[in-house]
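Worksheet: the structure to be examined is printed underneath.
One-based numbering along the sequence shown.
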Amino acid sequence: MLYDLNIAWSPTTSAADLERTLRFSSQLGYNVVALNHTLDAPLPSNISNPLPKFPSSSSPSPSNQQTEDRNHRIPTVLRRLTINLADPAQNPQLPKAAQVYDILALRPQTEKAFQAACLTVSATEISLISLDLTSRLPFYLRPKPCMAAVNRGLRFEICYGRVVGPGADSRERANFIGNVAQLVRATRGRGLVVSSGGEAIGGGGSGALALRAPADVVNLLAVWGLPTDRGMEALGTNPRGVVVNEGIKRSGFRGVVDIVGVAERSEEERRDEENRKGEGKGKGKEAAKDNKKRKNGEGEAAGQGGAGAGGDQPMSKRQAKKMKAALRRKEVEEKGA
């Protein structure tokens, strides 16, 4: 499966342009896409999701109608929020946003925000670090923080839409190529996610013009320094890991165990269990009756033994001393007589 986790959206986007872009992405071969809504930190107290919802894609059609159905269906659509973070001290309210959106991403604007996103921000709250690679970054992409973020499970996003779109200029392209080479060198080509990330989808369908086929994207990345196998991972394996992990965080237990459903027992198993329960209850009653009989018999035997063998009980030391003293007195009296 192929993923495009950044299709830009704005409140001015019309439903027709949005649907046209989604259908075009499906024709290019993308199975899962994400509509991206960008906000600046700090977020408002009441977070709402203005992104439209789309029904899940239907089951695959037969082979003779596969091409026709591919031209008319819409891929699986997720809803994503990208937060522009300039000061790490600002509270972006990530847990609240995670309850409303499917995917969360941070776009650091300063070096402090970039260091915080790589090292301190919890990986259970965000999964993507998105950078504006078309502009000159105010910080260097050093290997140590980048590899620390990759080892923590975060992914760096490369958005090519503004470079290949109709409104790109030579300066943006030069900055993009230099920043991509620097990011590939810092991460060694690992932990990358490639998305389109075009500008507003309204306005003449520029979002659809910013999309490219997966093979074209891999070739472009190979020219810019990313190997072909890493490019395929950036379109398939890495974004799939992001989507799966985000789903488990929201539906599973502590982001570790995902309970899909409990298997139902068959009628035969239910009957066997009921029969076992009935047999166990009958055995338990019989065992209780036997225990009562045994206790009563032991009590009666103990009473009879105490009454019949009362003289055979062992003598205490005090009684033995008294008997010895009495015997001595008798001997003394007999001698005196």
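In this structure Phe176 satisfies the ring-ring contact (aromatic ring centres under 6.0 Å, His included) test together with Trp224, sequence neighbours excluded. Partners of Phe114 under the ring-ring contact (aromatic ring centres under 6.0 Å, His included) rule, at least two apart in sequence or in another chain, are Phe139.
Residues Val150 and Leu141 share a single hydrophobic cluster, defined by chaining ILVMFWY side chains whose heavy atoms lie under 4.5 Å apart. No continuous path of ILVMFWY side-chain contacts below 4.5 Å connects Met147 to Leu128, so the two sit in separate hydrophobic clusters. In the hydrophobic clustering of this structure, Val244 does not group with Tyr3; members are Ile, Leu, Val, Met, Phe, Trp, Tyr whose side-chain heavy atoms approach within less than 4.5 Å, directly or through other members. Both Leu226 and Ile129 belong to a common hydrophobic cluster when Ile, Leu, Val, Met, Phe, Trp and Tyr are linked at side-chain heavy-atom distances under 4.5 angstrom. Val121 and Leu119 are not part of a single hydrophobic cluster, where members link through side-chain heavy atoms under 4.5 Å apart.
When side chains are defined from C-beta on, Leu5 counts as touching Val243, because their heavy atoms get closer than 4.5 Å. Contact of the Leu106 side chain with the Ile83 side chain is registered, since non-hydrogen atoms from C-beta on lie closer than 4.5 Å. The side-chain heavy atoms of Leu192 and Val184, taken from C-beta on, include a pair separated by under 4.5 Å. Side-chain contact between Leu18 and Leu35 is present, with at least one heavy-atom pair separated by less than 4.5 Å. Between Leu51 and Trp9 the shortest side-chain heavy-atom distance falls below 4.5 Å. Using a 4.5 Å heavy-atom cutoff, the side chains of Glu19 and Ile74 are in contact. Considering only heavy atoms from C-beta on, Ile158 comes within 4.5 Å of Leu183 through its side chain. The side-chain heavy atoms of Leu22 and Ile7, taken from C-beta on, include a pair separated by under 4.5 Å.
Remark: Met1 CE is packed, more than 12 non-hydrogen atoms of other residues, nucleotides or ligands lying under 6.0 Å away. No more than 12 heavy atoms of other residues, nucleotides or ligands lie within 6.0 Å of CZ in Arg188, so this atom counts as exposed by the packing criterion. In Arg173, the CZ atom is crowded: over 12 heavy atoms of neighbouring residues, nucleotides or ligands sit closer than 6.0 Å.
Of the possible donor and acceptor atoms, one in the side chain of Asn179 sits under 3.5 Å from a partner among the backbone N and O of Ser135. Judged by distance alone, with hydrogens and angles left aside, the side-chain atoms of Arg162 form no donor-acceptor pair with the main-chain N or O of Gly197 at under 3.5 Å. In this structure, Ser196 contributes its side chain and Asn6 its backbone to a donor-acceptor pair below 3.5 Å. Checked by atom type and distance alone, the side chain of Asn31 pairs as donor or acceptor with a backbone atom of Leu2 at under 3.5 Å. At distances below 3.5 Å, at least one donor-acceptor pair connects side-chain atoms of Asn245 with backbone N or O atoms of Gly241.
We find the CG-CG distance between Asn36 and Asp4 to be 10.5 Å, quoted to the nearest 0.5 Å. Put simply, OG on Ser25 and CG on Leu211 are 6.5 Å apart, with the number rounded to the nearest 0.5 Å. For the atom pair CG of Leu220 and CZ of Arg212, the computed distance is 8.0 Å after rounding to the nearest 0.5 Å. Atoms SG and CZ, on Cys146 and Arg185 in that order, are 11.5 Å from each other to the nearest 0.5 Å. A distance of 10.0 Å separates OG in Ser316 from NZ in Lys321, rounded to the nearest 0.5 Å. Interatomic distance, CD of Glu334 versus CD of Glu331, reported as 7.0 Å (0.5 Å rounding).
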Derivation and outcome, side chain to side chain contact (heavy atoms under 4.5 Å, CB included), residues His37 and Asn49: CA-CA 9 Å; His37 185 210; Asn49 191 343; 5.6 Å; no
Chi angles and distances behind the side chain to side chain donor-acceptor pair (under 3.5 Å) call for Glu157, Ser130: CA-CA 5 Å; Glu157 185 181 37; Ser130 180; 3.0 Å; yes
Derivation of the side chain to side chain contact (heavy atoms under 4.5 Å, CB included) call for Glu172 and Asp169: CA-CA 6 Å; Glu172 289 183 350; Asp169 57 359; 2.9 Å; yes
Residues Lys96, Leu43; criterion side chain to side chain contact (heavy atoms under 4.5 Å, CB included); working and verdict: CA-CA 10 Å; Lys96 290 184 179 180; Leu43 298 179; over 6 Å; no
Full working for side chain to side chain donor-acceptor pair (under 3.5 Å) between Asn84 and Thr82: CA-CA 7 Å; Asn84 294 325; Thr82 301; over 6 Å; no
Worked check of side chain to side chain contact (heavy atoms under 4.5 Å, CB included) between Val218 and Met232: CA-CA 7 Å; Val218 172; Met232 291 303 300; 3.6 Å; yes
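Of all heavy-atom pairs spanning Tyr160 and Ser195, the tightest one is CD2-O, 3.0 Å. The heavy-atom pair separating Arg155 from Val193 by the smallest distance is CB-CG2, 3.7 Å. Pairing each heavy atom of Ala86 with each of Ala113, the nearest pair is O-CB, 4.0 Å. In plain terms, the two heavy atoms of Arg107 and Leu131 that are nearest each other are NH2-O, 3.9 Å. Heavy-atom minimum distance, Pro214 versus Tyr30: N-OH, 3.8 Å.
Between Glu233 and Arg230, at least one side-chain N (NZ, or NE/NH1/NH2) sits under 4.0 Å from a carboxylate O, which counts as a salt bridge. Using a cut-off of 4.0 Å between Lys/Arg side-chain N and Asp/Glu carboxylate O, Glu111 and Arg142 are scored as salt-bridged.
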